[in-house]
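To start, the structure itself, in structure tokens.
Below, chains carry the letters A, B, ... as their sequence lines are ordered, and counting in each starts from 1. Below, each value reflects all heavy atoms present in this structure, side chains not excepted, and no hydrogens, waters or symmetry copies.
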Amino acid sequence: MKSKLKVTTKRKDSGEKKHSHLTISLIAVAVGLIFAFLLTILTGRSPFDLLTALVRSMTGFNLQNLGSFNIMYVLNWFLNAVPIIMTGLSVAFAYRTGLFNIGGEGQIIAGSTAAAAVALLVKLPPIIHPIACILAAAAAGALWGFLPGFLKAYRGINEVVICIMMNYCGMYACAWFTKVFLPIDPNTNDRTIAIMESAELKQVFSNSTSQFNWGFIVALLAVVLFWFVIEKTTFGYSLRATGFNKEAARFAGMKVERNITMSMMISGALTGIAGALLILGIYRYGRIFTSFDNFGFDGISVALVGGSTGIGVLLAGMLFGLFKAASGNLQLFNIPKEISELIQAIIIYLVAIQYAIVLLLDKISERKIKKKEIEEKPEGGNV
Amino acid sequence: MAYAIEMLNITKDFPGIRANDNVTLRVEENTVHALLGENGAGKSTIMSILFGLYQPTSGTIKVKGKEVVISDPNVANQLGIGMVHQHFKLVECFTVTENIILGAEPKGKFGTIDMKKAAARVKELSELYGLNVDPYAKIRDISVGMQQRVEILKMLYRNADILIFDEPTAVLTPQEIHELMHIMRNLVKEGKTILLITHKLKEIKEAADKCTVLRKGKCIGTIDVKTTSEEEMARMMVGRDVSFAVEKGEAHPKEKVLEIKDLCVKNVKGLMAVKNFSLDVRAGEIVGLAGIDGNGQTELVYALTGLCKAESGQVILKGKDILKLPIKKRLDSGMAHVPEDRHKHGLVLDFTLKENFVIHYYDREPFSKHGILQKNEIDQYADKLIEQFDVRSGQGKDTIVRSMSGGNQQKAIIAREIDRSSDLLLVVQPTRGLDVGAIEYIHKRIVEERDKGKAVLLVSFELDEIMNLSDRIAVIHDGELSGLVYQKDVDENVLGLMMAGSLKRVEAVV
Ligand SMILES: Nc1ncnc2c1ncn2[C@@H]1O[C@H](COP(=O)(O)OP(=O)(O)OP(=O)(O)O)[C@@H](O)[C@H]1O
Ligand SMILES: [Mg+2]
């Protein structure tokens with residue numbers, strides 16, 4: 001009966017949800033872009049260059065040299081979206097069960113290492129080989145997700161703390177594992193030798209200079225699977241119930257502890273797969289990590305902007321993938337690549353403080369109503 | 001007489017529903033003005049508009065004669081409007097004073113909070129209106145009734161003189177209700193104006209001067225409480241005659257379905273809350289469990305359903321000891337349960353109505369096959385329950401439950417649990433927050449379940465409900481069984497004595 005004070009969620013509590021998540025995200029994107037253009041002008045550069053860079057990253061056309069077209073740019077955009085779609089799904093999955101998976105960095109390193117190990121040490125026929133690597137990566141990621149999930153479920157320990165610790169455990173343990181068990185490339189000493197060819201994720205268009213590979217299809221499959229599991233299955237139903245109201249879920253006989261542990265493991269597996277896709281499709285060798293790549297953290301932004309739904313994550317992942325892909329083009333057109341980071345930051349901030357946008361929209365629609373009323377008054381003639 | 005509040009031609013649209021339709025409400029200064037209406041009639045909505053939580057789609061509001069726009073609760077505060085919500089908004093680990101000053105802290109030296117000054121003011125206010133609140137007590141240590149008084153003080157501390165109460169008595173014991181009515185009269189005497197939402201006609205009779213009746217969002221009329229009978233008010237709000245008595249025939253009890261034997265349960269503080277409690281419930285009878293709140297009912301129910309562990313004893317359901325089983329197994333072995341705290345245990349507020357309806361059966365045929373939810377089956381089932389139990393909401397089965405009116409949320413749980421048709425129906429406060437029409441229907445359904453041969457254990461703090469529905473009445477006092485009698489052998493006075501522990505009569509043992 002007694003609810004704790006929650007001032008910030010008052011609007012949400014009252015259940016008046018007029019503006020969809022999509023509208024909010026779109027406004028955030030628009031504001032981010034406008035800001036980027038303003039800043040370009042302010043720093044004395046040409047906004048047209050910025051536009052050219054963005055359009056080129058998206059379509060492959062160069063506005064300043066019409067007629068030149070290179071599909072590579074489009075493919076690179078899609079390629080950049082792959083890992084963050086996966087980590088975005090991962091964060092979203094945990095979030096739907098009421099968990100915050102900030103352990104993506106550890107999970108992606110564990111996944112990368114496991115995929116590399118299978119790709120280097122196990123002999124398998126093509127097609128089977130990458131699948132085996134991906135499964136191994138999923139298992140490793142799940143293992144890294146298990147501990148935070150388990151401790152949260154059965155001991156009530158905050159998953160954020162454990163996740164962050166697991167990130168560092170992942171980095172050092174995997175570096176040790178790689179150095180000890182995997183064949184190191186004697187020329188550089190900071191990576192393994194190339195993985196077996198049978199394990200590689202091949203380019204989809206082998207004549208293109210882009211590394212775009214079948215990993216994108218894996219990410220798409222993951223999106224569909226995510227949506228299906230969360231929205232359509234009894235398992236997803238019980239996970240969502242657990243996320244919304246643990247007590248009611250427990251009361252309805254759901255195994256809340258098991259759900260929490262499972263959810264964190266599945267979340268970890270999704271991020272683990274992201275690691276495999278990078279190793280098999282891009283690096284093609286095992287890596288010794290000495291710092292984080294931030295794909296796990298990017299996943300948090302993607303899930304946030306995508307509203308933690310399958311389709312939302314796909315769109316947000318594509319969006320952030322575009323900005324990642326655009327940084328190269330920006331420099332080419334003499335725009336600092338920090339601009340792209342700036343746009344991303346603004347979008348994230350705006351979505352995070354969506355209350356402000358909602359307020360703004362409310363003001364606007366209020367004004368519209370007032371206007372309508374004034375127009376209608378003469379006819380209505382009430383009061 | 002001057003009007004404190006005038007809400008003129010207020011209309012409010014929600015997706016799929018017009019919650020208020022051209023409602024005009026005028027409240028005179030220095031009166032208690034009641035709002036009466038069916039579940040979902042739009043009472044909470046219009047009060048939320050007055051408090052600035054919602055914006056009306058159209059209409060004007062005047063406070064003390066001046067036209068105003070109440071864009072958010074802060075504006076309402078400045079206009080002297082305060083609201084006590086049905087679900088309190090208090091910080092459990094703070095003291096009374098800390099809660100009261102939250103957001104309006106008196107500044108001391110160097111930006112510190114002058115707690116002494118605040119506490120003194122709280123004490124002064126508390127004495128002025130006879131509230132009897134200890135400014136230094138922690139919220140989690142005081143009763144629900146006291147917490148409500150803290151909410152009242154919160155408004156008074158902000159100098160509110162128009163006070164809104166949304167179903168304040170739903171969570172109170174009869175004694176506390178009586179005191180609250182007294183406090184309200186005191187407040188009016190000191191110059192305040194009160195708006196009161198309640199479903200209990202008795203309370204309106206006791207405390208209110210005027211009463212406005214809403215039905216399906218429309219204003220039916222405003223009446224003078226003194227000159228209108230309870231029956232007339234009920235008819236105005238439902239649109240037909242309502243019978244307050246429950247029609248039911250003789251019970252024909254059969255075999256024992258539930259046997260509680262020497263049950264001992266500890267409460268959260270580790271004290272024995274249920275002591276050697278024994279009670280049987282047979283198929284085809286309704287056993288009412290009466291008692292003053294806090295005498296072990298909650299713990300007893302928790303132990304029966306498995307929400308907390310029992311110390312010793314046995315709970316036998318259809319010949320099988322279920323005391324060691326997990327919750328789900330117990331429910332599945334033939335128990336349906338309407339929990340006391342519907343928001344915590346009964347519903348997933350962010351799920352849609354239909355998702356809530358299948359919460360027990362989502363993983364079974366026909367609602368799912370091979371782990372995949374069957375949308376059509378679920379939709380049909382939801383439509384059936386909505387129609388049978390008249391659950392009203394904006395978007396039917398796809399409404400997010402959080403946005404439904406309080407009474408309709410309760411109806412949704414009852415619908416789900418009664419429809420399970422289990423051998424034992426364990427209902428706690430089934431009609432809390434329901435309008436008289438809905439109460440009539442729910443009571444009828446409970447009696448029907450009995451006549452179908454189900455065993456019903458009814459826990460309620462309302463003596464009327466216990467007397468109206470039960471075939472046998474058990475009374476719990478201080479965790480012990482202090483009475484077990486046939487309904488026809490007792491009256492409310494005798495029950496009152498047993499509830500107070502001054503009379504012990506265990507005679508209707510079967
Ligand atoms: N935030 C909201 N979003 C959508 N619909 C809403 C919202 N709040 C209320 N409603 C709808 O408006 C109608 C009126 O609801 P309201 O809460 O005012 O009823 P009420 O008279 O207080 O009923 P009760 O006695 O059950 O508390 C209901 O049908 C409800 O479903
Ligand atoms: Mg209400």
Quick check for you: to the nearest 0.5 Å, what is the distance between A:E247 atom CD and B:L307 atom CG? 7.5 Å
Interatomic distance, A:R250 atom CZ to B:K328 atom NZ [nearest 0.5 angstrom]: 14.5 Å
So [Y] and [X], do their side chains get closer than 4.5 Å, heavy atoms only?
X	Y	value
A:F235	B:D363	no
A:Y237	B:V358	yes
B:I359	A:M254	yes
B:R402	A:F244	no
A:F251	B:H337	yes

With a 4.5 angstrom heavy-atom cut-off, is it the side chain or the backbone of [X] that approaches chain A, or both, or neither?
X	result
B:I400	neither
B:I372	both
B:Q374	neither
B:T24	neither

Between B:L349, B:L347, B:L331, which has the largest tally of heavy atom pairs under 4.5 Å with chain A? B:L347
Does OH in A:Y349 sit with more than 12 non-hydrogen atoms of other residues, nucleotides or ligands closer than 6.0 Å? no
Counting neighbours of OH on A:Y95 that are heavy atoms of other residues, nucleotides or ligands and sit closer than 6.0 Å, is the number greater than 12? no
Which one of A:T233, A:V229, A:T234 has the most heavy-atom pairs closer than 4.5 Å to chain B? A:T234
Go through the steps for A:N245 and B:F351 under the test side-chain contact (heavy atoms from CB on, under 4.5 Å), then give the verdict. CA-CA 10 Å; A:N245 184 347; B:F351 265 8; over 6 Å; no
